[in-house]
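Below: the structure, in structure tokens.
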Amino acid sequence: MAGLNLVLVTGRSLSQGEGLDIGKTTKDYFEGVAIIELDGEDLEALGVVEGGKVKVETEYGSIVVRAIKSRRKHKGIAFMPMGPWASLVIDPNTYGSGMPTLKGIKARILPTDEKIPGIKEILERIYNIRVKEIPKETLSEGESVSTASRVIDNVACSFCGCLCDDLEVEVRNNRVVKVRKACSLGSSKLLHSRENRILNPYVRENGVLVRVDLRSAVKKAAEILANAKYPLLYGWSNTSVEAIRVGVELAEYIGGVFDNTSVICHGPTIQAVQEAGFVTSTLGKVKNYADLIIYWGCNPLNAHPRHLARYSAFAKGIYAKSRRDRKIVVIDVRETDTAKVADLFIKVKPNSDYELATALRMAIRGYDIESGKVAGVNVEKIRELAEMMVSAKFGVIFYGLGLTMTQGKGRNIEELIRLAQDLNEWTKFVAIPMRGHYNVVGANQVSTWTTGYAFSVDFRRGYPRYNPGVTSATDLLNNGDVDAALIVASDPVAHMPAKAVENLVKIPVVTLDPKWSLTAVASTVVIPVAMTGVEVGGTAYRMDKVPIRLKKLVEPPPGILSDEDVLRMILEEVKKLR
Ligand code: SF4
């Protein structure tokens, strides 16, 4: 059967993000995530019609998904939204960084008649998880609170790292009924906040999740964690700073590893900052001053949809007043939606960002570049960008997972930071990571204040140690090193590489989540919690490290407590056992 060898990149997409809050077992999620986007010419060469089935094969696994014709041209590059299907074909190896390789993977794409597996099939057939018993719960069950219609303004959106805090939310009968100013991702989270909820605690007995009271679930969770020799406490990027702080205390008490989702986003950025330092500013400064904005390895129009209008390209600042006052550059391996609004698009060869950053450092210093092309980019284009950089009054590089998840990882970021540092000899230049989850920066901040390390903190010896590639959640799970896990505000079964998931589902897992995630379905203990930023308040850190207060908009379902309260209960119970 004819096939094509392509380079696979995975990442966020709008439909993947919108589907998260509707539920991962829904048709919407399946249709938005069990897909691969191919360039029109590649699709034609494969002889597959749009919507036809293809098999994606890599060194690490294979999966059948639906082929979609990409709206943008990117011959030779295939894109899959992150999720349970992409997780089966990504490279689980972290090469000492803690970060698996989720982009720039060699893949063979073949037409096929095989069936596309649904979520339940993936869980049962590949991970050996029984899912027949996913409890069906509706929020009307037992709900008694009712409030009058009201509009709450200046609400912070608890979806992505932009933490837009200007939303207007209309609430009626304890429901969010209208959301103004949010993008489709933020609106989806608020409007679907009642769907797919866990409304009772569960404990697995004889392979089946059995409804129990909160006390019993907390007691069982504490037993699992207190009896473990080397537990992992993972997640933390979708909850409040206040809850994260209790999590660190619990990890220290039980001698476990405290790690957050930086291991599958900007962990390499943290490693680079430790080597090279940080050249940064607030988003407010970018909005008011930046006349050159570079998006490198990120696609904010899909992953952070209001970023351009609120903080960067189209923002109305004091000195840079509109789009006309700014130059926009996009550097990526494929033409993205963001690339379409750029003045200059630079298509870099996959896994070659380090070389391009080095060439730019040489060009701004006027050094000779002997080769005609670097990283697949003509040297004239590199010189054009270097000229734009040195002549800017205030430049910013927003960079994303296109750099952290490809070959080079932290070294790519190190070189990019050094480029920004070099540029400060001529002008003002900063480099800011595009953080995904709304409080992943908060997880790094709390971890750093309390332990000295931003992620992958190991308390096994009674004091904090940090060694990404060894003490990182991905490596610990890949290697089957931990014997129990507490998962808070995260869904590693959906987003970790298959090898890590295979080991995670073999150990006792305690999950705290407001919704039925794939990890909750596979857990030993499931404790429902209130949605932070919707049903309970708290503090979160924006991508530029500015703390933002999250508001409580509605009452949580009856008997459902915050992450912070449940974690305190578990900690108290653990103390009784040790
Ligand atoms: S850009 Fe991010 S924070 Fe802002 S409204 Fe959209 S999802 Fe929410």
Side-chain angles (χ1 to χ4, degrees), residues 11-22 28-29 32 81-82 151-171 176-193 195 237-241 261 265-266 282-284 286-287 293 295 298-316 336-338 341 396 398-401 432-443 489-491 514-515 531-535 537-554:
R12 286 184 184 278
S13 72
L14 272 182
S15 46
Q16 175 260 345
E18 287 162 13
L20 288 178
D21 281 282
I22 301 169
D28 284 2
Y29 186 75
M82 59 197 290
V151 175
I152 308 167
D153 54 16
N154 298 324
V155 170
C157 170
S158 54
F159 188 95
C160 85
C162 287
L163 275 171
C164 302
D165 55 353
D166 61 344
L167 273 51
E168 287 174 15
V169 177
E170 194 175 327
V171 170
V176 173
V177 290
K178 204 172 265 177
V179 181
R180 293 182 199 94
K181 298 189 183 169
C183 67
S184 62
L185 300 175
S187 295
S188 175
K189 173 158 188 175
L190 288 166
L191 293 171
H192 296 289
S193 61
E195 289 168 31
S237 51
N238 279 324
T239 188
S240 67
V241 155
T261 58
C265 67
H266 276 279
T282 62
L283 292 175
V286 171
K287 170 184 168 174
I293 297 175
Y295 302 103
C298 58
N299 183 15
L301 277 181
N302 276 207
H304 304 81
R306 290 187 75 209
H307 190 281
L308 279 81
R310 194 166 149 77
Y311 305 113
S312 56
F314 308 131
K316 287 184 192 150
T336 58
D337 288 342
T338 310
V341 302
V396 54
F398 287 110
Y399 61 93
L401 306 185
I432 301 177
M434 298 288 282
R435 303 305 300 266
H437 294 113
Y438 76 85
N439 201 24
V440 65
V441 174
S490 180
D491 191 2
K515 298 203 172 196
M531 285 182 80
T532 306
V534 182
E535 295 160 352
T539 311
Y541 276 74
R542 205 167 64 182
M543 62 169 74
D544 55 349
K545 301 188 181 173
V546 170
I548 305 276
R549 193 72 194 153
L550 302 172
K551 291 185 179 177
K552 172 178 173 167
L553 309 175
V554 294

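As the structure is a computational prediction, the values presented were derived from the model and not from experiment. For ligands, and for the atoms within them, numbers begin at 1 and follow the listed sequence.
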Legend entry - Residues Arg180, Glu170: salt bridge by 4.0 Å N-O rule: yes

Inset, instruction - Would you please indicate if the ring centroids of His307 and Phe398 are separated by under 6.0 Å? - result: yes

Legend entry - Tyr295 side chain to Ser312 side chain, donor-acceptor N/O pair below 3.5 angstrom: yes

Legend entry - Polar side chain donor-acceptor pair, Asn299 to Thr338, under 3.5 angstrom: yes

Inset, instruction - Output yes when a side-chain donor or acceptor of Tyr399 lies under 3.5 Å from a complementary backbone atom of Cys298, and no otherwise. - result: no

Inset, instruction - Report the residue from Arg310, Lys551, Arg542, Arg549 that forms a side chain to side chain donor-acceptor pair (under 3.5 Å) with Asp165. - result: Arg310

Inset, instruction - Show all protein N/O/S atoms under 2.8 Å from atom 2 (Fe) of ligand 1, or state that there are none. - result: Cys160 SG

